[in-house]
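Just so it is clear: chains get the letters A, B, ... in the order the sequence lines come, proteins before strands, and each one is counted from 1.
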2 protein chains.
Amino acid sequence: MKAGVSRQTVVRAMNDMPGISADTKAHVLRVARELRYRPSRFGRGLAKQDTLTVGLVVSDLTNAYFAELASEFIAVAGEVGWTVLVQEIERDKQHEKRVLSSFATQVDAIVGYLLIDDAELDDLVGDLPVVRFADLARGGHRPMIGIDYEPGMSAALDHLTHGGRRHILMVDVPTEAGPSPRAEVFRRLSAARGLATTIVELPDEHLPRTGAVMAFVAQALETHPETDAIVGFNDMIAVGALKQLVSAGVAVPERCAVLGIDGLLVGELVTPSLSTLEFDMRMAARMLFEAMLAALSDPHPAGGTGPVAIVTHTLTVRESTATA
Amino acid sequence: MKAGVSRQTVVRAMNDMPGISADTKAHVLRVARELRYRPSRFGRGLAKQDTLTVGLVVSDLTNAYFAELASEFIAVAGEVGWTVLVQEIERDKQHEKRVLSSFATQVDAIVGYLLIDDAELDDLVGDLPVVRFADLARGGHRPMIGIDYEPGMSAALDHLTHGGRRHILMVDVPTEAGPSPRAEVFRRLSAARGLATTIVELPDEHLPRTGAVMAFVAQALETHPETDAIVGFNDMIAVGALKQLVSAGVAVPERCAVLGIDGLLVGELVTPSLSTLEFDMRMAARMLFEAMLAALSDPHPAGGTGPVAIVTHTLTVRESTATA
DNA sequence: CTGAAAGCGCTAACAG
DNA sequence: CTGTTAGCGCTTTCAG
């Protein structure tokens, strides 16, 4: 059409389709290049009904946990030609709603770590497939990859008690609705073991700031001086606790052990190195993606779905919980 | 049309446009919801010629530096309704090319940390606007946010020499083409000061592994036992060096100082805490985004552009370079 | 092997 | 305030 030559033969050339002579194809390609022609994704998307864009929701990319999730998910998705839109929701439900409703017209599916519940989700995104990455306890009719803290936490408590720890303090980051699922499992399992545990709740505002976490831990330890082990809501909290103990001259792990959750790289880097509960994020990302494909091909499985897979943690023992 | 009622009045309802009675609008909206109707992004994109999707290229989200860039960039872009496609290129030029040519049909602009040069870029993406985030030294006719290491490195060297350090070792991560720009600046500035510095090159393969970095540093120190300060290519390398020194019983900072580059959070968490060169990633992300908008509105500025803004580092002194 | 015609779902411009 | 018409750029028939 444009360049002296052909027409919608261009399609055949651009898309590597059969039924075109090498000559014309080469010619078309060359002209296309000269013209700096780029096919429009909209025209194509409209004509071919398939498409491959997924929205990933995480709470904060700056958190290595979510960065790793994003990295692995993008990799898995990319392998089969899917493209990933990433958004952060920064623990803010309002913002999450805006993000989701914008996703509703931009992607073919949504996955990730969502705050809102299924009912609100139905409102915002209709029957767009959504797969959550969430604590197992969370209900709902949509598919999800459930995180079961029980096996890991159980192993962790065994490890701590075998090491003679009896007064365990968990520093939780509660949700709006109360203790986090991590803390719930901790409470339940330690009660079952007859342990004298305490859960303190770190206010949200302190979250990213190590200094604030340190101060908070210092204060908690004044109230609970008998503490001989601290479990952090996650590795970053645990590292804050670790720093506080070290700087207060409390011997770790001799006088007090510290355990994190998530298995972030930072745990290897601090001194003493941090024991933690970790899991295979690559596998989790793969499961998320596969659940998404499943949801896409069968949007309304009979009787809802609930968890389609469950991930658990493995205890990695490093220096911070070593036994004397 | 569909639901007993209206037609393309739907448009007016869905898009909050004027010229529609509250009644009809409410009705349309309700029916749309019942029908789980979601407008197609393709139809819309085709009809309205504007659109707002940018591709962000980073080398590795797992690297906190890039995670922060992504986080900030997504935030800035989101503020004005842009949506961000994220891709990793893992230091692999082939992969980068695939990513870029796929981006060419998916986004309206590309920004980020690219390996390939402008000529190859022209080939892959035509006149799609691209803004790099790159070392100032890098040439090219496309716009970029240039990173100038000189002011920061200069401050760092002053700080180290004032602390009496004379034998500085830099652990570089070279590019295919030789020393990194960071190392080049280091070499130039330390030569100008008459310092006895050495640059050792960490093989790529070791990159993510702290243990490997530690071993490499141990070996480098055997060859250069007089070393009294180590500058890492980035914070992660510096932390590896720090760990090696500590575990080898070398007093930090008394016997040997350690300095990182990038200003990652991890620097605050290690013991002793890491001095580093940091910069304002939020501002850098904002500049990237704005340069992108500029490139979009004027794709071919007279005479190319080169750097459209320059970012520099600030020295943050923590324990690892403290003076006795 | 190449060309022509129709339509994907939406919005804009213009009537009614 | 609401309906009609045309066309965005591409792919898919179906003819030549």
For residues 282-294 of chain B, dump all side-chain donor-acceptor pairs below 3.5 Å to protein atoms at least two apart in sequence or in another chain.
unit_1: Arg282(B); atom_1: NE; unit_2: Glu72(B); atom_2: OE1; d: 2.9
unit_1: Arg282(B); atom_1: NH2; unit_2: Glu72(B); atom_2: OE1; d: 3.4
unit_1: Arg282(B); atom_1: NH2; unit_2: Glu72(B); atom_2: OE2; d: 3.3

Interatomic distance, Ile110(A) atom CD1 to Arg132(A) atom CZ [nearest 0.5 angstrom]: 10.5 Å
Could you tell me whether Glu176(A) atom CD has more than 12 heavy atoms of other residues or ligands within 6.0 Å of it? no
Under 3.5 Å donor-acceptor, Asp135(B) side chain and Ala137(B) backbone: no
Output, in order, the C-alpha distance, side-chain angles, deciding distance and verdict of salt bridge (charged side-chain N to carboxylate O under 4.0 Å, His left out) for Asp117(A) and Arg138(A). CA-CA 9 Å; Asp117(A) 59 37; Arg138(A) 167 156 222 142; 5.8 Å; no
Restricting both atoms to N or O, compile the protein contacts to nucleotides 7-9 of chain C shorter than 3.5 Å, with distance only.
unit_1: dC8(C); atom_1: O2; unit_2: Ala47(A); atom_2: N; d: 3.4
unit_1: dG9(C); atom_1: N2; unit_2: Gly43(B); atom_2: O; d: 3.1

So, does Asn63(A) use its side chain to make a donor-acceptor pair with the main chain of Tyr65(A) at under 3.5 Å? yes
Using the C1' atoms of the five pairs at each end, what is the angle between the end axes of the helix from dC1(C)-dG16(D) to dG16(C)-dC1(D), to 10°? 30°
For the backbone of Leu136(B) and the side chain of Asp148(B), can you confirm whether one donor and one acceptor N or O come within less than 3.5 Å of each other? no
